[in-house]
Amino acid sequence: MEYTTVILLSVLAIACIIYKHSTRKSLADIPGPEPESFLLGNLPQLFKEQVGESDFDWLKRFGGVVRLKAPFGVDMLWISDSKALQYIYQTSGYNFPKQPERRVISRLMGDHGLTWADGDTHRRQRKAMLPAFGTPEAKALVPIFHGCAEQLTLRWKEMITASPEGSSVFNIPRWVSGATLDAIGEAAFDYKFGALDNADNELARAYMNLLADIFAAPSRVKIFLQSVAHYIPMQIQEFFYDILPGKGLYKARTNRMVAHKIAHQLLEAKTQALSVDKTGRDVMSILVKANSSENEGTRLSEDEMIAQMRTIMLAGQETTSNSLSWTLLELAKQPEIQSRLREEIWAKEAEIRERGDSEFTASDLESMSYLQAVLRESLRFYPAVYHTFRQSGKDDVLPLAKPVTTRSGKVIQELPVPKGLRVILSIVAYNRDKDIWGEDADRFDPERWLDRKASRGPNLGVFSNLLTFAGGIRACIGWRFAIYELQAFLVELVSHFEFAVTEDVKRLRREASLVMVPTLDGEREKGAQLPLRISLVARE
Ligand code: HEM
Ligand SMILES: *[C@@H]1O[C@H](CO)[C@@H](O)[C@H](O)[C@H]1NC(C)=O
């Protein structure tokens, strides 16, 4: 069955390619790595290696613009050049839409919500959602994040105290993802997953390890099919995603069923609460309230509102939880950084006690310069979303920060691209670009953020010019939400615990599964794994 599909799609794709490409400009003169084969092009390098492995190599060998091959010799571009990225994300507006074969994946995981939408639909949806994602809204969620971090502290303390060695090895993602699931449930929907309490919650189960289970280590057939799907109308792709067999697709559909059921219940409850004038500060309540007062142009239908709930879970849960896991790994690897951060946290705690409070406020967090530096450096070094995908909506010209020397020896300052060209935007490579971050870009060093501006590039990323939350008109809408959540967890956990690496960490992989997930070599099928030794810190 699989092979018949492959053959059928190949024939169809070739026909379309010949038709579409008969008149187009070639990018043959742009340097790039040898394709692995005519059938797969460079896709195996792009999708199968660990996150960043190919990207760092390409950046070093070819610079910020690299020609790659899709199946059947079709050109694509891989881009980490800051000016080209700025143009695509920001300046060009909606002229670099998402690739249809990627949008159907968004639709599988988040229905016709914000990550799927494009053009005018995206503009309207985004406008309707923005009021829930501002700075005051994010700051108001700090106590919720702090509460969830405290729950995790309690659990870890219990287990460590019960262990004879006074320390235990924990699989960090297992715990962190439970805690952040509880956090996003409460902060976004005022919903209790009870993931940390091991409550048998079907929605929690539907979200545990979701992306790793569906997207990790794709087979060659899958990589091929996903790419040639480009030539098939989106509705037909969506139809296939809904009916084809497969473990990953099955998991995604179960997730959809469970999420829809609960989203409907929550939406009804919130609409009722609004009618008796009782609204919460969770994202969903703000959205429902905004919808009732907004003008017609920025309303969300009920289906769209349900879609946004799944979209927020998709875009906000595993991104944040994996970012936290990677940060804890780095702190375990570099104990000096960890203790310096702890000293700052303890000093701030003393200050808070002195003024008669017990909890960190958003401005307390912001006043901690070393925490801010560690947070930024960690987001730079471990961008949870490492690639994004677009295509040119028309014949266009990309500006370049750094000239490209073509294979025939010409030096070009800008790069003409044909309509329909697929581009892979490398967040992970931009975040390590030496022209932007300096010669030591490959080193994890929070120092670069203290007392100076770390980035030397054009205005690009929404947060400290990092590309981790992307930039421009469809930058991460939840970035403020994410950074306060990360800070609240870091402060709470580093205040109470010491983190140390274990032998197993030598086998650690940066698994590419839509987001970057830590796994262990030899046990990749077990999903997210990062075993760290945790002990209680002795307090004065
Ligand atoms: C460290 C955590 C996070 C990272 C690294 C991250 C990263 C990103 C990136 C790179 C994009 C752009 C994707 C693209 O253009 O294809 C994005 C979009 C998005 N993010 Fe985040 N995100 C994080 C947390 C969150 C949170 C907590 C939420 C919600 C509460 C969220 C909601 C969204 C949404 C809805 C979009 C789509 C925006 C649009 O297309 O207009 N994200 N995120
Ligand atoms: C938003 O408002 C419109 C118009 O009043 C309404 O039809 C729609 O159902 C509302 N959406 C939600 C999710 O309540």
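Computed from a prediction, not measured in an experiment: that's the story for all the values here. All values below come from the heavy atoms of this structure, side chains included, with hydrogens, waters and symmetry mates left out.
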If we count only N and O atoms by modelled type, under 3.5 Å, do the side chains of Gln529 and Glu523 hold a donor and an acceptor together? yes

Supply the atom-to-atom distance Ser301 OG to Gln125 CD, rounded to the nearest 0.5 angstrom. 8.0 Å

Note, Ile88 side chain near Leu398 side chain (heavy atom, < 4.5 Å): yes

Test of understanding: with side chain to side chain contact (heavy atoms under 4.5 Å, CB included), list the residues that count as partners of Thr320, not counting sequence neighbours. Ala482, Glu485, Leu486

Verify whether the ring centers belonging to Tyr241 and Phe239 lie closer than 6.0 Å. no

Pair Lys261-Glu202, salt bridge (charged side-chain N to carboxylate O under 4.0 Å, His left out): steps then yes or no: CA-CA 11 Å; Lys261 191 176 79 187; Glu202 61 174 338; 2.6 Å; yes

Side-chain contact test, heavy atoms from C-beta onward, threshold under 4.5 Å: evaluate it for Val66 versus Ile79 and give yes or no. no

Measure from the ring center of Phe47 to the ring center of Phe215 and say whether it is less than 6.0 Å. no

Looking only at non-hydrogen atoms, find the nearest pair between Ala149 and Ala488 and report the distance. CB-O, 4.2 Å

So, Asp395 side chain and Lys419 main chain: donor-acceptor pair closer than 3.5 Å or not? yes

With a 4.5 Å heavy-atom cut-off, do Leu508 and Leu329 have their side chains touching? yes

Within-4.5 Å side-chain heavy-atom neighbours: Val288 and Met305: yes

Just checking, is any N or O donor in the side chain of Asp57 or Ser54 under 3.5 Å from an acceptor N or O on the other one? no

Between NZ on residue Lys251 and CG on residue Leu108, distance to nearest 0.5 Å: 12.5 Å

Please tell me if the side chains of Leu114 and Arg126 come closer than 4.5 Å, counting only heavy atoms from C-beta onward. yes

Donor-acceptor contact present, side-chain Arg102 to main-chain Phe389, <3.5 Å: no

Here the ring-ring contact (aromatic ring centres under 6.0 Å, His included) pairs for residues 306-326, sequence neighbours left out, are Trp326-Tyr382

Return the set of residues passing side-chain hydrogen bond (donor to acceptor under 3.5 Å, both in side chains) with Asp190 (not counting sequence neighbours), or none when no residue passes. none

With sequence neighbours left out, write down each residue that passes ring pair (Phe, Tyr, Trp, His ring centres under 6.0 Å) with Phe189, or none if nothing qualifies. none

Heavy atoms, side chains only, cut-off 4.5 Å: are Leu181 and Met313 in contact? yes

Step by step, work out the salt bridge (charged side-chain N to carboxylate O under 4.0 Å, His left out) result for Lys69 and Asp75. CA-CA 5 Å; Lys69 290 290 186 187; Asp75 288 327; 2.7 Å; yes

Would you say the side chains of Ser80 and Asp55 form a donor-acceptor pair under 3.5 Å? no

Donor-acceptor pair, distance only, cut-off 3.5 Å: does the side chain of Thr311 make one with the backbone of Gly110? yes

Working to the nearest 0.5 Å, report the span between CG of Leu43 and OG of Ser227. 4.5 Å

Glu318 and Ser177: side-chain donor and acceptor closer than 3.5 Å? no

Residue pairs, two or more places apart or on separate chains, that pass ring-ring contact (aromatic ring centres under 6.0 Å, His included) and touch residues 93-135: Tyr94-His122, His112-Trp116

Can the positive tip of Arg432 be found less than 6.0 Å from the middle of the six-membered ring of Phe381, inside 45° of the ring normal? yes

Can a donor-acceptor pair be found between the side chains of Thr327 and Ser378 at a distance below 3.5 Å? yes

Would you check if there is a donor-acceptor pair between the side chains of Tyr87 and Asp81 at a distance under 3.5 Å? no

Taking salt bridge (Lys or Arg N to Asp or Glu O under 4.0 Å) as the cut-off, I'd like each qualifying pair that reaches into residues 469-480, sequence neighbours left out, listed once. Asp118-Arg474

I want to check something: taking the side chain as every heavy atom from C-beta on, are His230 and Val74 in contact at a cut-off of under 4.5 Å? no

Verdict with supporting geometry, Glu101 and Arg422, salt bridge (charged side-chain N to carboxylate O under 4.0 Å, His left out): CA-CA 11 Å; Glu101 66 271 34; Arg422 282 177 279 180; 2.9 Å; yes

As a quick check of understanding, evaluate salt bridge (charged side-chain N to carboxylate O under 4.0 Å, His left out) for Glu304 and Arg124, giving each step before the final call. CA-CA 11 Å; Glu304 282 177 326; Arg124 174 178 53 81; 2.8 Å; yes

Any side-chain heavy atom of Glu511 sitting closer than 4.5 Å to one from Val51? no

When Leu210, Thr115, Asn255 are each screened for side chain to side chain contact (heavy atoms under 4.5 Å, CB included) with Met109, the one that passes is Leu210

